[in-house]
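On a predicted model such as this, the values are computed, not experimentally measured, just so you know. Note on naming: letters A, B, ... go to the chains in the order of the sequence lines (proteins, then strands), and numbering restarts at 1 for each one.
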2 protein chains.
Amino acid sequence: MATIREVAKQANVSVATVSRVINQKGYVSEEARTAVLQAIEKLDYRPNRVARSLYQKKSGLIGLILPDITNPFFPQLARAVEDVANHHGYQVILCNTDEQFQKEEAYIQALESMHVDGLIITTNYSDNPNYANTDVPIIALDRVLQGAIPTVSSNGYAGGRLAAEWLIGHGAERLAMITGPAKFPTIRKRHEGFEEAAGDRLVASIESMFHFQDALKAAEKLFSQHTFDGLFAANDVIAAAVIQAAKQRNIAVPEQLQVIGYDGIELGEMITPPLTTIAQPIYQMGEMAAKLLIERIEGGPIEASHHELPVHVIERETTKKKG
Amino acid sequence: MATIREVAKQANVSVATVSRVINQKGYVSEEARTAVLQAIEKLDYRPNRVARSLYQKKSGLIGLILPDITNPFFPQLARAVEDVANHHGYQVILCNTDEQFQKEEAYIQALESMHVDGLIITTNYSDNPNYANTDVPIIALDRVLQGAIPTVSSNGYAGGRLAAEWLIGHGAERLAMITGPAKFPTIRKRHEGFEEAAGDRLVASIESMFHFQDALKAAEKLFSQHTFDGLFAANDVIAAAVIQAAKQRNIAVPEQLQVIGYDGIELGEMITPPLTTIAQPIYQMGEMAAKLLIERIEGGPIEASHHELPVHVIERETTKKKG
DNA sequence: TTGTACGCGTTATCAC
DNA sequence: GTGATAACGCGTACAA
């Protein structure tokens, strides 16, 4: 790969002039400009971003830290981040942490030492001191971090309420809930909303991990111990497990049991019957996080804003039709 | 962030000495070493990877180019790549191309100019001249590129055959197939294998895009025009659509219609009934690609090897039990 | 065993 | 308008 020096020599000018035409800064005669442009063309020269980074202390890199891209919630998020990053000339580095503090630590260190311009973080180690101390711009996504870190999330409490109201509004009288791990604050919000709106109608509740097989077991246990005609699952994967377990027991969905999920991932439309769910605006959340981040990187104000996006029901076929 | 110079001053040695202890090269007295180590500790010094990259012409970055992380086939692949990259001290840059030549081009350029150490590519632009010319190590994944580019894929032809044999072996007599877009060579292999093993039994075939809604339409069309008792879908998403369409028409799976998918993504176990499918070793494919790449980056031989991994049936409930 | 000085490729500041 | 040249932070001959 040619260097700026070679281009300068080829065009019979100095490197300074070449730099000027590349960056469109300062004066440069028409004559010199075309000579440089030709030389660039001829040598297929492209500026070395590493060298540029060194001088400018900007790498054009954004770190995207998330638990596991394999969890169907995250690909859409990642895609959104990548889209807007790319659109602004940034590249994104994918980091899976498996919710492990250690991995997260290691990544932060590595990313800092390569001078990433910003970080988008989906984590539950809200107490990670690194986040408060570091001077690289950070946006928290789907989780609320402490300190002055801007956050984008969706309204989980409202979502939980909405789920309960939907079920009740469609005739369910005995409500059950499969919760996710209680250690996740965003998940707890959903539960709280659901519980409060369900009131006395809530007759059963059980906790499950997010993996499908765990959820299947939880669902079977729930079915064996309680009877109910409406169920809220902490996310769509769990809801899918519920539907499978119901089928197994010959419980008709939605005739005998109405099910409502959470997240709005594509899985919901692919299962049979298609899942009614509380949809988060996943793509928009990623989009907004990335936009906010880039704004800050490029000199925006350092304010700890809190962006909470609305959720909405996607009605499909695991809840009854009205009227 | 502290620089090597500050560490040197703090430890009362020269930058060369500091560099020596960091990189464990050359002689350095025990005394000096501990002084340096203390200074590093005190200043929380970490080498600037950008500067290091500039000098060494190695960035520690790997570009992962794929169509769309949102397609459920790719997260596992990406995860595998990221895992082994990380394990070897590399970071991976996520690039979605939407199968668009332009985006792909733009990414290659950007990645080259930031001096990525290697590329893992999942694409169909096998004629992209950039791949042949560039001097950064490349591995092609799930697609076969022309030129001397090592490839890792799985045996699609055998997979197609296997699907047909499985269906026939379980009593299906009239076979149908929903193919993916014919422009993808890896997909065509599956079809060929299926067609050849199906022989006269193949009574219907229709092409579909990979998106669920497209597949639904294709399935409906197929149902309206033909009768069959065994169906092979080009991938698991399409299979899920078939199952939903069958349910709609009150066709019982697997009693009246047996369905077999392809890929082995998690979706298969989440739908009802759970999907029998031809599984590719997705994670291992990503793993192997990353290992091969890093081997080459770190000085391995430049050979255009072809690694074709075996596929296998995952039996679930959309095909009949034997006997 | 240690330190000086240069180069990696770029940008920005000055003189001219 | 243009061209030397000094940074940016690091690694390494080579001299000491």
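Contacts of A:Thr3 with the nucleic acid, taken as non-hydrogen atoms under 4.0 Å apart, involve only primed sugar atoms and P, OP1 or OP2. When heavy atoms are screened at a 4.0 angstrom cut-off, A:Val50 is found touching no nucleic acid atom at all. Note on A:Arg5: a base of the nucleic acid sits closer than 4.0 angstrom, heavy atoms only.
When each of A:Met1 and A:Ala16 is assigned the nucleotide of DNA chain C bearing its nearest heavy atom, the one mapping closer to the 5' terminus is A:Met1. Closest-nucleotide positions on DNA chain C for B:Asn12 and A:Arg52 were compared, and the one nearer the 5' end corresponds to B:Asn12.
Inter-residue side-chain proximity for A:Phe73 and A:Ile282 is flagged as met; some heavy-atom pair is nearer than 4.5 Å. Side-chain contact between A:Leu293 and A:Tyr90: absent, with no pair of heavy atoms (C-beta onward) separated by less than 4.5 Å.
Not a single donor-acceptor pair, N or O on each side, falls under 3.5 Å between the base of D:dG9 and the side chain of B:Arg49.
Between B:Arg20 atom CZ and D:dC14 atom C1' the separation is 11 Å, expressed in whole Å. When the P atom of C:dA12 is taken as reference, atom NZ of A:Lys58 falls 12 Å away, rounded to whole Å. A straight line from CD of B:Gln56 to C1' of D:dG9 spans 12 Å, rounded to a whole angstrom. For the pair A:Tyr27 OH and C:dA12 P, the interatomic distance rounds to 16 Å; values are reported in whole Å. At whole-Å resolution of the value, CD1 in A:Ile22 and C1' in C:dG9 are 11 Å apart. Note: CD1 (A:Ile4) to C1' (C:dG7) measures 16 Å, nearest angstrom. The nearest whole Å value for the distance from the CG atom in A:Leu54 to the P atom in D:dC8 is 9 Å. Protein atom NZ of B:Lys9 is 16 Å distant from nucleotide atom C1' of C:dG3, rounded to whole Å.
For the pair B:Lys25 and D:dG11, the criterion of a side-chain N or O lying under 4.0 Å from OP1 or OP2 is not met. The side chain of A:Ser29 places an N or O atom within less than 4.0 Å of a non-bridging phosphate oxygen (OP1 or OP2) of D:dT2. Considering only side-chain N and O atoms, B:Thr17 lies nowhere under 4.0 angstrom from the phosphate OP1 or OP2 of C:dT2. Contact annotation: B:Asn23 side-chain N/O to D:dG11 OP1/OP2 distance is under 4.0 Å. Remark: B:Tyr45 is in phosphate contact with D:dC10, judged by side-chain N or O atoms under 4.0 Å from OP1 or OP2. Within the structure, a side-chain polar atom (N or O) of A:Ser19 is placed less than 4.0 Å from OP1 or OP2 of C:dT11.
The nucleotide whose nearest atom lies closest to any side-chain atom of A:Tyr55 is, among D:dC10, D:dA7, D:dT2, D:dA7. Comparing atom distances between the A:Lys57 side chain and each of C:dA12, D:dG9, C:dT4 picks out D:dG9 as nearest. Residue B:Val13 has its side chain nearest to C:dG3 when only D:dT2, C:dT10, C:dG3 are considered.
Within a 6.0 Å radius of NZ in B:Lys9, other residues, nucleotides and ligands contribute 12 heavy atoms or fewer. By the 6.0 Å contact criterion, NZ on B:Lys291 is open, its count of non-hydrogen atoms from other residues, nucleotides or ligands being 12 or less. By the neighbour-count criterion of 12 heavy atoms within 6.0 Å, atom NE2 of B:His307 is densely surrounded, having more than that number from other residues, nucleotides or ligands.
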Problem - Pair B:Leu77-B:Leu64, side-chain contact (heavy atoms from CB on, under 4.5 Å): steps then yes or no - result: CA-CA 10 Å; B:Leu77 220 51; B:Leu64 174 61; over 6 Å; no
